[in-house]
Amino acid sequence: MALPINNVLGILVDNLIKRKSVLRLSKHQVTDWSRGLNIPKGGQTVIYTGHMYQLIPSITAMAGKMAVFENSWITKFFGVGRFFNKFINLAWFMARTDPEETRQYNNMLRNIARLLQQANIKFGYLYGEELYSGALIHDEGVDDVFKEHAQKVFAMFKRNGVKSVITVDPHTTNMLRSVYPKYIEGYDLEVKSYLEVLAESNIEALQTLDLDVVIHDSCVYARYENIVNEPRQLLRKAGAKINEPQYAEKLTHCCGGPIESFFPGKAKAIAEKRIEQLGTAGNNIAAMCPICLVNLKHAAKNENIKIKDISEYLAKAYIGVPQSTESIRT
Amino acid sequence: MIKVDSKFAKTISKAKEFDASACLNCGVCSAVCPMGINMLPRQLFHYALLGAKEKVLENQETIFSCLLCRMCEENCPADVTIAENVRTIRGYINREVFGLSRN
């Protein structure tokens, strides 16, 4: 038996209404990446994480459980689970997050913020006040719940006097730039991805990236938001050679991630297909969406294939961070 | 036999983003779909426009399997907003079948 869509989606919707996120994270989990970076609180321009990178360790832990539940007798009891989840956040009991994975995804956010600092961009952060964007609930078509949540997010920015938002992942960029204006009257935020902000800046590489990089374009960046050239421009400027896989740029192939919540098996099959396409173009793969990154990483069986977030390559080139060595302990 | 539910057809087609009637039935969308979903979107949209509610509801798994990746839209000669149409149908199922709604 496949996972029961109504109850799985019901739990996510209930969480967004009750806990303002699909899988509730503590304030510590949301903000820990920013420790020691001296980012001011608030301001007219802010970095907005939308919690996507911070959610990945919880998504990994939950997906592992869901993959076991898929096709098992336990799916019959998801309705009971949804009932109890209204009172107790079941996600906290379902699965433990991996501290090493948490450290890695926090580091990606640190690298992104440090790249913006290196480019002399003045920005603040809303810290514990920041909310999830509601992207998953929008994609699944629960529009009235999404609209109500989007209004809360917009109010959060207005309350803090924010005029301009720098996003860090494709889904949040799409929500804030192209979807929110359809749901919120008088919506007036300027929204740019950090890749666009860096590409427009005068940032210069401190180290040469002497390697071939295969870009995995995100469907949402490429086809929804027309962000195709910026990642290539930034990598080339640092000296990297770009190898394009079969299906690239606006014709990129999905990683399978968007259906992970309901169909973990199908999502994995799509990711394996994509890994095969990417692997024929080279071993150093750059993803620019945390959902793509985690889904592709879990599907990659060949140890020679290294899949990294693009921010890791950029941090090495533009701020001189040795790859995978800098860390913060949570 | 296909039963037609005119109320269902009206609800779906009055959604302002639902532009499936522009579909030329050329099949490019199905050919390029990374999921290999054959019935999406052509057949599904025709069922929806016709009011074949039961047929649409029989295919819930297919409807929620769509990646919303827009590979189909990128290749659609009629510029149909396929992903948005899929979202519209999901919205109907959420409200009318799953009872997932604020109100």
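Labels below follow one simple rule: chain letters A, B, ... track the order of the sequence lines, proteins then strands, and each chain is numbered from 1.
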Considering all heavy atoms of both residues, which atom of L100(B) and which atom of V142(A) are nearest to each other, and what is their separation? O-CG1, 3.8 Å
R87(B) and D143(A) ion-paired at < 4.0 Å: yes
Within 6.0 angstrom of E17(B) CD, more than 12 heavy atoms from elsewhere: yes
Using non-hydrogen atoms only, which part of I270(A) is less than 4.5 Å away from chain B: side chain, backbone, both, or neither? side chain
Answer key: most heavy-atom pairs under 4.5 Å with chain B among E148(A), H253(A), K147(A), K182(A) is E148(A)
For Y247(A), which atoms come within 4.5 Å of any heavy atom of chain B: side chain, backbone, both, or neither? side chain
Members of residues 70-79 of chain B whose heavy atoms come closer than 4.5 Å to chain A: R70(B), M71(B), E74(B), N75(B)
Quick one, D144(A) and R95(B) - any side-chain contact, counting heavy atoms below 4.5 Å? no
Are any non-hydrogen side-chain atoms of L67(B) and P258(A) less than 4.5 angstrom apart? yes
Correct closest heavy-atom pair for R223(A) and C69(B) would be NE-O, 2.6 Å
Scanning both residues in full, the closest heavy-atom pair of Q60(B) with I5(A) reads O-CD1, 4.1 Å
If you count heavy-atom pairs under 4.5 Å with chain A, which of V32(B), I89(B), N94(B) comes out on top? N94(B)
Shortest non-hydrogen separation from F64(B) to F263(A) and the atoms involved: O-CE1, 3.3 Å
Can you give me the closest heavy-atom contact between P34(B) and K273(A), atom names plus distance? O-NZ, 3.4 Å
Please state whether the side chain, the backbone, both or neither of S218(A) comes within less than 4.5 Å of a heavy atom of chain B. neither
Assert top hit (heavy-atom pairs under 4.5 Å, partner chain B, pool V145(A), L251(A), T252(A)) equals L251(A)
Spatial distance of atom CD (E140(A)) from atom CD1 (I63(B)) [nearest 0.5 Å]: 12.0 Å
